[in-house]
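Have a look at this one before I ask anything.
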Amino acid sequence: MATARTLISRFSCFVAFLPAVGAAGPAFSYDASWYRARGWSGEYSNGFTMATDITLNIRGSPDLDVPKSMSCVLRKGSTYHQWNKKRIVADRLEFISFTKIKTYELKASFTVEVSRESDGRNTTIEFKKGDRWSYLAYLAEGNFLIKFGDTVYVAGEDLYDESTEVEAPVKSDWSRYDEWLKLKCANGTVGWIFFNEIKNTPGFSKANISGYGVASDRRPEPKSPSQRVILSSPSPHRK
């Protein structure tokens, strides 16, 4: 299993390139049953490139109960992805996610190696049958954040396989994972986009990724010869 620091660094996706930003206001849609993390998870995380110029309404905070009352202009070719370092800096992008916390219980006594989130140090936990731990967020490569006792760790699928999920009191949103993007729009508006509301919609295309860890804005396509305007010099014989 990769170390906690390595996986969290991937999850935060080039955190060194993220500018310092003020803390977002409270998200009232997300209570203590949600875990808030910096970054979008996955080996190839979500993102998008603008297929055309678009004006849409966005929110002032990452809260589904807040109305979309702010006008935001997004320009064709702009790529919003954790790997597009230039746009992260230019538009002060901030990627956060909320995961519905799940509770698991050990089916039998089990010893597992994990990494502490705080310092990345490997350690061993000797679980007993009936011990419970909390699933906080997926990272990458089959690893995820858990909380056991008062400590947060990075664990792998072996722990998941030895545990069973405790039934959720409310099943309607138990498996939800919400991704939010804070950005500075082309018209100067600063606000939040809820990814689920724009993915697979007209005007938004897959992120322009050229390789693992590399994403960039899409350059305008050169005009075909038939689209070019040719300016000729006046004929020397013309009066």
Tell me every residue that passes side-chain hydrogen bond (donor to acceptor under 3.5 Å, both in side chains) with Glu126, counting only those two or more places apart in sequence or in another chain.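 Once residues adjacent in sequence are excluded, Glu126 has no partner under the side-chain hydrogen bond (donor to acceptor under 3.5 Å, both in side chains) criterion.
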Name the residue from Tyr104, Phe148, Phe110 that meets the ring-ring contact (aromatic ring centres under 6.0 Å, His included) definition with Trp133.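 Output: one option passes, namely Tyr104.
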For residues 98-136, which residue pairs qualify under disulfide bond (SG atoms under 2.5 Å apart), counting only residues two or more places apart or in two chains?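 Non-adjacent pairs meeting disulfide bond (SG atoms under 2.5 Å apart): zero.
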By side-chain hydrogen bond (donor to acceptor under 3.5 Å, both in side chains), which residues pair with Ser205, not counting sequence neighbours?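 Per chain and number, Ser205 pairs via side-chain hydrogen bond (donor to acceptor under 3.5 Å, both in side chains) with no residue.
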Listed pairs under 3.5 Å, donor-acceptor, residues 70-78 side chains, sequence neighbours left out:
| from | atom 1 | to | atom 2 | distance (Å) |
| --- | --- | --- | --- | --- |
| Ser78 | OG | Arg75 | O | 3.0 |
| Ser78 | OG | Arg87 | NH2 | 3.4 |

Any pair counted as disulfide bond (SG atoms under 2.5 Å apart), so long as it reaches residues 34-67, sequence neighbours left out: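 Sorted result for residues 34-67: empty, none.
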Please name all residues satisfying side-chain hydrogen bond (donor to acceptor under 3.5 Å, both in side chains) with Glu105, sequence neighbours left out, ordered by chain then number.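 With neighbours one apart ignored, the set is Arg132.
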All ring pair (Phe, Tyr, Trp, His ring centres under 6.0 Å) counterparts of Tyr135, not counting sequence neighbours: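 Tyr135: ring pair (Phe, Tyr, Trp, His ring centres under 6.0 Å) contacts with Phe144.
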Kindly state each residue pair satisfying ring-ring contact (aromatic ring centres under 6.0 Å, His included) with at least one member in residues 59-78, sequence neighbours excluded.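 Residue pairs with at least one partner in residues 59-78: there are none.
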ring-ring contact (aromatic ring centres under 6.0 Å, His included) contacts in which one or both residues fall within residues 42-72, not counting sequence neighbours: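 Every ring-ring contact (aromatic ring centres under 6.0 Å, His included) pair that includes a residue of residues 42-72, provided the two are not neighbours, is Tyr44-Trp83, Tyr44-Tyr212, Phe48-Tyr80, Phe48-Phe204.
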Report, one line per pair, each donor and acceptor closer than 3.5 Å where one atom sits in a side chain of residues 153-161; sequence neighbours left out.
none

Asp131: what forms a side-chain hydrogen bond (donor to acceptor under 3.5 Å, both in side chains) with it, not counting sequence neighbours?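 Counting only residues at least two positions away or on another chain, Asp131 forms no side-chain hydrogen bond (donor to acceptor under 3.5 Å, both in side chains).
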Can you list everything that forms a side chain to side chain contact (heavy atoms under 4.5 Å, CB included) with Lys147? Sequence neighbours excluded, please.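 Lys147: side chain to side chain contact (heavy atoms under 4.5 Å, CB included) contacts with Ser134, Leu136, Val152.
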